[in-house]
Amino acid sequence: MRIAFYSAKSYDRDSFNLYESQFGHQITYFEAKLDKHSTSLAEEHEVVCAFVNDILDKQVLKKLKSRGVKLIALRCAGYNQVDLDAAKEFDLPVVRVPVYSPEAVAEHAFALLLTLSRKTHKAYNRVRESNFSLEGLTGFNLHGKTFGVVGTGAIGRAFCKIALGFGGKVLAYDLFENEEMNSLGIQYHGIKELFSKSDIISLHCPLTPETKHLINGEAIQHMKDGVALVNTSRGALIETKSVIKALKNRKIGYLGIDVYEQEEDLFFKNLSEQIIPDEQISRLMTFPNVLITGHQAFLTKEALGQIALTTLNNISEFEDGKNLTNQIG
Ligand code: NAI
């Protein structure tokens, strides 16, 4: 099938090129993000392949349908960027990659945490300038800490196992308890109890109307002083203004984020020559105890390979009129 591939980066081409011929599809790569201005690129393609910050609202879906698109193939797990009701109305099936490498994301959450806890980013810069002083590099152990994990799906579970490996105590919150987690001795608690008992809180639930601003001023009040908060899930789980306030009064001791509420206008682009108009991310970047990465938790060789394979297979199922294993909505 002919695939219009939006928001294409070099690493996408590398992984999809490896498998493209195996599935017999033809991919046209577009650097443009999908929005109401770029739907014309999809002309003469049956499939649109989109990523996390592409816009798939009603207006865009309607335009894609009128241009002859028959399938939306997301090359990501989250689908909060898609108006599923509109997709249904326009008879546009949506498929995704539900699991590619939960460990990739969980390990990145720990990369953020370990950088914050041991200040390796500062040490790296110091040593390169022959500054071997240890002043200001005092960290804290993960061993013996209480980890609060919100969402024990594929990524949350991988995170829990790593936390146990560090010798942590793990508490969890989810709408559904997971038997494997129970068998590992992980206790499920109410969200407020998890907030009040955890030294480290890591978010792994999807962004839904219920979870938007899960971490707001009230939630932060329940947390321990100096708590470490990690978000590799979706930016809007956190109400950024409340977190900035809590960083200023030291209620939050550490913040590691791979996702940001307003990331659509920033992430996946080189803006180093520009003035960033976003006041909140600019403020976050000034804190010494805040670490931000630009939505790269998924970015490992293993995960990219699996994303390409599953996406191309999803498209082949559609082409062959088979049941769509990874359809949503
Ligand atoms: P999953 O679907 O396997 O697990 C999500 C879990 O959250 C489920 O156990 C579900 O019951 C739970 N959940 C749903 N609503 C909840 C609520 N209101 N409160 C508490 N728990 C709730 O998803 P997976 O693969 O673990 O991914 C989690 C999230 O990670 C995705 O939704 C996505 O937003 C994000 N993600 C981020 C990536 C990155 O590169 N930073 C890459 C991949 C996913």
Side-chain angles (χ1 to χ4, degrees), residues 7 9 11-12 15 50-54 74-82 84 94 96-113 148-163 170-182 186 188-195 198 201-216 219 229-238 256-261 263-264 266-268 291-308 310-311 326-329:
S7 303
K9 304 289 180 198
Y11 46 82
D12 293 317
S15 54
F51 197 49
V52 291
N53 288 331
D54 287 313
L74 301 176
R75 54 180 191 281
C76 53
Y79 49 88
N80 52 287
Q81 73 278 40
V82 188
L84 290 177
V94 182
R96 64 169 181 146
V97 185
V99 181
Y100 40 90
S101 175
E103 291 77 17
V105 183
E107 287 175 15
H108 190 76
F110 270 91
L112 292 173
L113 199 49
V149 180
V150 181
T152 52
I155 297 170
R157 293 199 298 276
F159 183 94
C160 288
K161 290 178 194 167
I162 301 173
V170 183
L171 314 177
Y173 170 74
D174 198 303
L175 303 179
F176 309 99
E177 293 199 11
N178 177 277
E179 274 181 32
E180 186 195 6
M181 295 294 98
N182 281 326
I186 290 167
Y188 281 84
H189 289 273
I191 191 80
K192 284 186 186 163
E193 204 175 345
L194 179 142
F195 287 154
S198 302
I201 296 171
S202 194
L203 306 178
H204 299 290
C205 60
L207 176 63
T208 63
E210 294 74 43
T211 60
K212 186 173 180 201
H213 290 177
L214 179 77
I215 307 298
N216 56 20
L229 178 64
V230 178
N231 186 10
T232 55
S233 197
R234 283 294 178 267
L237 294 179
I238 287 181
I257 53 173
D258 185 52
V259 285
Y260 169 63
E261 215 175 342
E263 71 177 50
E264 292 81 9
L266 302 168
F267 284 10
F268 308 121
L291 182 61
I292 305 171
T293 52
H295 209 134
Q296 71 171 80
F298 72 99
L299 196 66
T300 66
K301 278 189 290 185
E302 293 82 356
L304 288 171
Q306 195 54 52
I307 287 171
T310 305
T311 304
N326 295 317
Q327 183 169 8
I328 37 176

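Note that the structure is predicted; figures quoted are calculated from it, not measured. If you read the sequence from its start, that first residue is 1, and numbering goes on from there. The figures that follow rest on heavy atoms only: side chains count, while hydrogens, waters and symmetry mates do not. All ligand and atom numbering here is 1-based and tracks the order in the structure.
- Atom numbering of ligand 1 starts at 1 in the shown order; those under 4.0 Å from a heavy atom of Tyr173 are 19 (N), 20 (C).
- Across all their heavy atoms, Ala308 and Ser15 have their closest contact at CB-O, 3.7 Å.
- Using 4.0 Å as the threshold, Thr211 has a heavy atom nearer than that to some atom of ligand 1.
- Atoms of ligand 1 found under 4.0 Å from any heavy atom of His295, numbered from 1 in the order shown, are 39 (C), 40 (O), 41 (N).
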Assess whether side chain to side chain contact (heavy atoms under 4.5 Å, CB included) is satisfied between His213 and Glu261, documenting all intermediate values. CA-CA 9 Å; His213 290 177; Glu261 215 175 342; 2.5 Å; yes
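- Of the possible polar contacts, none joining the Ser198 side chain to the Ile201 backbone as a donor-acceptor pair under 3.5 Å is found.
- In this structure, atom 2 (O) of ligand 1 is not in close contact with the protein, since no protein heavy atom lies within 4.0 Å of it.
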Carefully, step by step, assess Val97 and Asn326 under the rule side chain to side chain contact (heavy atoms under 4.5 Å, CB included). CA-CA 7 Å; Val97 185; Asn326 295 317; over 6 Å; no
Report the C-alpha distance between Asn53 and Ser7 in whole Å, list the side-chain angles of each, state the deciding distance to 0.1 Å, and finish with yes or no for side chain to side chain contact (heavy atoms under 4.5 Å, CB included). CA-CA 9 Å; Asn53 288 331; Ser7 303; over 6 Å; no
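- In this comparison of Val52, Thr232, Asn80, the heavy atom closest to atom 37 (C) of ligand 1 sits on Thr232.
- With hydrogens and angles disregarded, no donor-acceptor distance shorter than 3.5 Å links the side chain of Asn80 to the backbone of Leu207.
- Close N/O approach between Asp258 and ligand 1 is found [any backbone or side-chain N/O within under 3.5 Å].
- Of all the atoms in ligand 1, the ones that sit under 4.0 Å from a non-hydrogen atom of Val105 are 42 (C), 43 (C).
- Below 4.0 Å from some heavy atom of Thr152 lie the following atoms of ligand 1, by number and element: 9 (O).
- With atom 24 (P) of ligand 1 as the reference point, the heavy atom nearest to it among Asp174, Ile155, Val149 is part of Ile155.
- By the 3.5 Å distance cut-off applied to N or O atoms, Cys205 is not counted among the residues near ligand 1.
- For the pair Pro102 and ligand 1, no heavy-atom separation below 4.0 Å is found.
- Contact annotation: Thr208 has no heavy atom less than 4.0 Å from any atom of ligand 1.
- Of the possible donor and acceptor atoms, one in the side chain of Tyr188 sits under 3.5 Å from a partner among the backbone N and O of Asn178.
- Here the closest non-hydrogen pair linking Ala219 and Phe195 is CB-CE1, 3.6 Å.
- Using a 4.0 Å cut-off to heavy atoms of His204, the atoms of ligand 1 that qualify are 5 (C), 28 (C).
- For atom 23 (O) of ligand 1, the closest non-hydrogen atom on the protein side is Ala154 N, 4.6 Å.
- In this comparison of Ile191, Thr293, Leu175, Ile257, the heavy atom closest to atom 15 (N) of ligand 1 sits on Leu175.
- Closest of all the heavy-atom pairs between Leu112 and Thr232 is CD1-CG2, 4.0 Å.
- Taking all atoms of both residues into account, the shortest heavy-atom contact from Ala77 to Pro98 is CB-O, 3.7 Å.
- What sits closest to atom 40 (O) of ligand 1 on the protein, heavy atoms only, is Phe298 N, 3.1 Å.
- Ile155 pairs in a side-chain contact (heavy atoms from CB on, under 4.5 Å) with only one of the listed residues (Val149, Val99, Val105, Leu203), which is Val105.
- Per-residue contacts place Phe176 under 4.0 angstrom from the following atoms of ligand 1 (heavy atoms of the residue considered): 11 (O).
- Regarding atom 36 (N) of ligand 1, its nearest protein heavy-atom neighbour is Arg234 NH1, 3.8 Å.
- Nearest protein heavy-atom neighbour of atom 4 (O) of ligand 1: Gly153 CA, 3.1 Å.
- The backbone N or O of Glu177 sits nowhere less than 3.5 Å from a side-chain atom of Asp174 that would complete a donor-acceptor pair.
- Considering only non-hydrogen atoms, atom 13 (N) of ligand 1 lies nearest to Pro206 out of Ala297, Gly151, Pro206.
- Here the heavy atom of the protein found nearest to atom 30 (O) of ligand 1 is Ser233 OG, 3.4 Å.
- Of the protein's heavy atoms, Tyr100 OH, 3.0 Å lies nearest to atom 43 (C) of ligand 1.
- A donor-acceptor pair is defined here as one N or O able to donate and one able to accept, closer than 3.5 Å; no such pair exists between the side chain of Arg96 and the backbone of Cys76.
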